[in-house]
2 protein chains.
Amino acid sequence: MKFTTRKKEIIFTAAKLFRKKGYSAVSMRDLAQALDMKAASLYNHINSKQEILSIIILEVAENFTQHIDSVLPQEASSIEKLESVIENHIKITVEKTDALACLNNDWMHLEQLALENYLQMRNTYEAKMRSIIEQGIKEKELKTANIELVLFSLLSTLRTLYLWYAKNRTVSIKLLTNEMKQNLLLGIIL
Amino acid sequence: MKFTTRKKEIIFTAAKLFRKKGYSAVSMRDLAQALDMKAASLYNHINSKQEILSIIILEVAENFTQHIDSVLPQEASSIEKLESVIENHIKITVEKTDALACLNNDWMHLEQLALENYLQMRNTYEAKMRSIIEQGIKEKELKTANIELVLFSLLSTLRTLYLWYAKNRTVSIKLLTNEMKQNLLLGIIL
DNA sequence: GTCTATAAGTCGATAGAC
DNA sequence: GTCTATCGACTTATAGAC
């Protein structure tokens, strides 16, 4: 992996460590050692450990926000919109595995503005997903069911897909995408 | 909540705190304060912070192990077995929400024997789930699909259902169970 | 069984030399 | 931009009084 700046290298490495042990269990000394430098030197590139976490998480959160904002106003069926959401989750899972894991597991260690910012993006994302599901039920494309549980069933699998992908990196994205659409939308019973 | 021993009260309270902030971010002082006592006094009831974590996690892991061991040899269809597994996940989600969250998020902070023990139980559990899915495909009850992804789709939702349940505690278990069977087994498309 | 005091080490972060 | 040295607070855990 090549980096344009030392700061990006630090953030990339931090995401890898945070994913394995969690934000709280990784010390600045651990991070420095992984980069073959001393902890004090990190502070020439970043202001605090907290800043590293917020950069990692908010960047991924913004990726999700941008995608759902582009999908929602489209003239498309609810199923097409859900498929596009699934594709985007898989894209982020593949391209930003470590950062996605941090977002999932360490968001509660964000502070102040970064935490508010994250929670606001997450709430908005879920509200927009909910409206797609409601559209689908109204237009008789989706089964009439508990909307909150349908929303959760979809998101829980998509959010944690990185756990599966980490152990199965050789799978083709096309196969992964098709199978996930099948499983999530059509179920597994013949 | 009433407790038969002080040790059980400590473990119950620890699970609540670990769930909110994660094992590493909860100090023995935090735990003591939540119990209205001093940190040093905790050590009259438990040997170490690590012991608390392993008691919390291994107890839940053994619940899962016992259930799948009782389901696997039954003379039942693969779908009936999967339904029984879903019911058990929901039962544990409802009865041991905090401990289940610890198992999901903090298992990697287990050490030595406890870690080996946990990983062995998890691997065995997944292997037995896999054999149920294989049985289902062989007997043409389940669609022919990527077994590993079907397994992951099911478990990812069941394992993180506590996140949804924590915000929707008033839902009836019967409704929750029926909806989850629908979503996971039959999909959401009409 | 709970307390105070404390050991021995780690934490995030800073100052200042080079 | 990296280093050594260090600060002050916090960490898990123990010793011993009550």
Side-chain angles (χ1 to χ4, degrees), chain A residues 1-58 102 105-115, chain B residues 1-58 102 105-115:
Chain A
M1 202 71 172
K2 289 216 179 141
F3 297 96
T4 50
T5 66
R6 195 80 158 129
K7 181 167 183 172
K8 287 187 180 169
E9 191 181 1
I10 290 170
I11 288 163
F12 180 88
T13 306
K16 268 203 289 190
L17 296 184
F18 292 168
R19 178 185 162 197
K20 272 211 176 147
K21 306 208 297 171
Y23 174 75
S24 302
V26 175
S27 72
M28 294 302 272
R29 285 168 180 81
D30 292 335
L31 176 55
Q33 196 173 37
L35 288 154
D36 210 18
M37 65 198 298
K38 297 291 172 183
S41 308
L42 292 169
Y43 290 87
N44 249 285
H45 306 279
I46 51 95
N47 295 312
S48 65
K49 189 185 176 188
Q50 178 66 206
E51 188 202 19
I52 299 176
L53 184 67
S54 66
I55 289 173
I56 292 170
I57 292 180
L58 293 182
C102 290
N105 302 319
D106 284 320
W107 64 265
M108 72 287 282
H109 298 118
L110 290 172
E111 291 171 5
Q112 297 156 4
L113 278 173
L115 179 60
Chain B
M1 201 69 173
K2 290 215 179 142
F3 297 95
T4 50
T5 66
R6 195 81 158 125
K7 181 166 182 172
K8 287 186 182 173
E9 191 181 2
I10 290 170
I11 288 164
F12 180 88
T13 306
K16 268 203 290 191
L17 296 183
F18 291 169
R19 178 188 164 196
K20 271 209 176 145
K21 305 207 298 172
Y23 175 75
S24 303
V26 175
S27 73
M28 295 301 272
R29 280 175 180 79
D30 294 334
L31 176 55
Q33 196 172 35
L35 288 154
D36 209 19
M37 65 197 299
K38 298 292 172 182
S41 308
L42 293 169
Y43 291 87
N44 248 283
H45 307 279
I46 51 96
N47 294 313
S48 65
K49 188 184 177 189
Q50 178 65 208
E51 188 202 17
I52 300 176
L53 184 68
S54 66
I55 289 173
I56 293 170
I57 292 179
L58 293 182
C102 290
N105 301 319
D106 283 320
W107 64 266
M108 73 286 282
H109 298 119
L110 290 172
E111 291 170 6
Q112 298 154 7
L113 279 172
L115 179 60

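Any value given below was found using the heavy atoms of this structure, including those in side chains, with hydrogens, waters and symmetry copies removed. On a predicted model such as this, the values are computed, not experimentally measured, just so you know. Lettering of chains follows the sequences in order, A, B, ..., and the numbering in each one begins at 1.
- The stretch residues 7-35 of chain B touches DNA chain D through B/Val26, B/Ser27, B/Met28, B/Arg29, each having a heavy atom under 4.0 angstrom from the strand.
- Minimum interatomic distance between B/Leu35 and B/Thr13 (heavy atoms only, all atoms of both residues): CD2-OG1, 3.3 Å.
- Atom CG of A/Leu53 is separated from atom C1' of C/dG12 by 14 Å (rounded to the nearest Å).
- Spacing between atom CG of B/Asn47 and atom P of D/dA13 amounts to 9 Å, rounded to whole angstrom units.
- Put simply, the side chain of B/Lys20 never gets that close to the backbone of B/Val26: no donor and acceptor are under 3.5 Å apart.
- Nearest to the side chain of B/His45, among C/dC3, C/dG1, C/dA13, sits C/dG1.
- Protein atom CD1 of B/Ile52 is 9 Å distant from nucleotide atom P of D/dA13, rounded to whole Å.
- Atom CE in B/Met37 sits about 12 Å away from atom P in C/dT4, given to the nearest Å.
- Note that the OH atom of A/Tyr23 and the CG atom of A/Asn105 stand 14.5 Å from one another [nearest 0.5 Å].
- Regarding A/His109, its NE2 atom lies at a distance of 15 Å from the C1' atom of C/dC11, rounded to whole Å.
- Here D/dC10 presents its P atom at 15 Å from NZ of A/Lys49, a figure rounded to the nearest Å.
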* Verdict with reasoning, B/Glu51 to B/Lys7, per side-chain contact (heavy atoms from CB on, under 4.5 Å) -> CA-CA 11 Å; B/Glu51 188 202 17; B/Lys7 181 166 182 172; 3.4 Å; yes

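- Side chain of B/Lys38, nearest nucleotide from D/dA5, D/dA13, C/dC3: C/dC3.
- A/Gln50 contributes a side-chain N or O that, together with a main-chain N or O of A/Glu111, makes up a donor-acceptor pair within less than 3.5 Å.
- Rounded to whole Å, atom C1' of C/dG12 lies 12 Å from atom CD of A/Glu111.
- In this structure, CE in A/Met108 is found 7.0 Å from CG in A/Asp106, a value given to the nearest 0.5 Å.
- When all heavy atoms of B/Ile52 and B/Ile46 are compared, the pair lying nearest together is CD1-CD1, 3.9 Å.
- D/dG1 atom P lies 17 Å from atom CG of A/Asp36, rounded to whole Å.
- Of the candidates D/dC3, C/dT14, D/dA15, C/dT14 carries the atom nearest the A/Tyr43 side chain, counting heavy atoms from C-beta on.
- For A/Ser41, counting side-chain heavy atoms from C-beta on, the closest listed nucleotide (D/dT14, D/dC3, C/dG12) is D/dC3.
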